[in-house]
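Any value given below was found using the heavy atoms of this structure, including those in side chains, with hydrogens, waters and symmetry copies removed. Throughout, protein chains are lettered first and strands after them, A, B, ... in sequence-line order, and every chain is numbered starting at 1.
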Protein chains: 2
Amino acid sequence: MSIETAAKQLEALGNVTRLRVYRTLVRAGDDGLPVGSLQERIGIAASTLSHHLHRLISTGLVTQERQATTLICRANYPAMHGLVGFLVDECCIDARCAPREKAAALA
Amino acid sequence: MSIETAAKQLEALGNVTRLRVYRTLVRAGDDGLPVGSLQERIGIAASTLSHHLHRLISTGLVTQERQATTLICRANYPAMHGLVGFLVDECCIDARCAPREKAAALA
DNA sequence: CCGCTGTTTCGATGCTCATGGAAATAGCGG
DNA sequence: CCGCTATTTCCATGAGCATCGAAACAGCGG
């Protein structure tokens, strides 16, 4: 994970609207959600949502799959784990936060 | 942790320069680093660094402490843990990623 | 009190983003 | 092949960001 990739993903999540979209997808699980359902739940213009989705997809945080005329969106869990891993990677080099405590702190 | 706070922190980290600053501080550990050292290591104008630091501080990700004329900067580990926790909070509601697997995935 | 080093504020510029309405496109169902 | 629904692209606008140099400020050491 390059720092540029991490920054792009963090920036993608660093917007309330996109973060809301992303969390909605995270909650939806592997079934995913159609774009239209997302739009209803979040209450923004379709064009705005499309714009944000494109951003999340281009950074690899979200995937899409076509089912007939509707597009199903899903959170990319491995990508999220990778990003979180990058953040905590160099955390706690000092003694006050031993590596073994990481899992506990994040659980 | 409100979604607005999380988004602000993610946005703060979603910039290559700021992410570099932050990671440098994370690596530095509890000793922290003076602003001047940060500037040398990262190689940007002092005014630019000051601007970015202000942003990281205002979101609570970094703290500063005065020591004579130099300002020591430190990464705020609890804040980072809180943010990461927010991200993984609703992760894996579905069966394919049981809560107990979270720690393993993030370790 | 003076000057020096470290840091911030000011000002200016160019760039990218967030947003939504309107129009275009995609692909099924008949 | 047509029309319908779902989604994207186009366009325009207002707002905020990244960057740096110059100038101002803070506080110690003498």
Would you say a side-chain N or O of A:Ser50 is under 4.0 Å from OP1 or OP2 of D:dT8? yes
Criterion side-chain hydrogen bond (donor to acceptor under 3.5 Å, both in side chains) on A:Ser2 and A:Thr5, from CA distance to verdict: CA-CA 5 Å; A:Ser2 73; A:Thr5 302; 2.9 Å; yes
When the distance from CD of B:Gln39 to P of D:dC20 is rounded to whole Å, what number comes out? 10 Å
Between C1' on D:dT7 and CZ on A:Arg66, what's the gap in Å once rounded to a whole number? 7 Å
Under 4.0 Å between any heavy atoms, over every strand shown, what does B:Thr48 touch: base, sugar-phosphate, or nothing? Just pick one. base
Can you find a pair of side-chain heavy atoms, one from B:Leu56 and one from B:Val21, that are under 4.5 Å apart? yes
Check whether NZ of the Lys or CZ of the Arg A:Arg23 lies under 6.0 Å from the centre of the six-membered ring of B:Phe86 and within 45 degrees of that ring's axis. yes
Side chain to side chain contact (heavy atoms under 4.5 Å, CB included) between B:Arg55 and B:Glu11, worked out: CA-CA 10 Å; B:Arg55 187 92 163 242; B:Glu11 185 194 14; 3.3 Å; yes
In whole Å, I'd like the distance from the CG atom of A:Leu71 to the C1' atom of D:dT5. 13 Å
When the distance from CD of A:Gln64 to P of D:dA6 is rounded to whole Å, what number comes out? 15 Å
What does B:Gln67 touch in the nucleic acid at a heavy-atom separation under 4.0 angstrom: a base, only the sugar-phosphate, or nothing? nothing
Distance-only, no hydrogens or angles: does the A:Ser50 side chain make a donor-acceptor pair with backbone N or O of A:Ala46 under 3.5 Å? no
Counting any heavy atom closer than 4.0 Å, what does A:Ala68 reach on the DNA or RNA strands: base, sugar-phosphate only, or nothing? sugar-phosphate
Looking at every non-hydrogen atom in both residues, tell me the closest pair between A:Tyr22 and A:Leu61 and how far apart they are. CE1-O, 3.5 Å
D:dC17 phosphate, OP1 or OP2: any side-chain N/O from B:Arg18 under 4.0 angstrom? no
Minimum-distance nucleotide to B:Asn15 side chain [options: D:dA18, D:dC28, D:dT9]: D:dA18
Do the side chain of B:Arg18 and the main chain of B:Ala12 share a donor and acceptor less than 3.5 angstrom apart? yes
Looking at B:Ile72 and B:Asp31, what are the two nearest heavy atoms and their distance? CG2-O, 3.6 Å
With five pairs defining each end axis, the helix from C:dC1-D:dG30 to C:dG30-D:dC1 comes out bent, to 10°, by 30°
Could you tell me how far apart A:Leu49 (CG) and D:dT8 (C1') are, to the nearest whole angstrom? 11 Å
Note: for A:Ser47 and B:Ala46 on DNA chain C, the residue whose nearest nucleotide lies more 5' is B:Ala46
Please examine the side chains of A:Arg20 and A:Arg41, heavy atoms only from C-beta on, and report whether any two atoms are closer than 4.5 Å. no
Show the nearest heavy-atom pair for residues A:Thr17 and A:Asn15, with the distance to one decimal. N-OD1, 2.9 Å
For A:His51, answer base if it contacts any base atom (sugar-phosphate contacts may also be present), sugar-phosphate if it contacts only those atoms, and nothing otherwise; contact means non-hydrogen atoms under 4.0 Å. base
What are the 5'-most and 3'-most nucleotides of DNA chain C lying under 4.0 Å from any heavy atom of chain A? C:dC17 to C:dC28
Less than 4.0 angstrom between a side-chain N/O of B:Thr17 and OP1 or OP2 of D:dT19, yes or no? yes
Distance in angstrom units between B:Leu19 CG and D:dA18 P, rounded: 13 Å
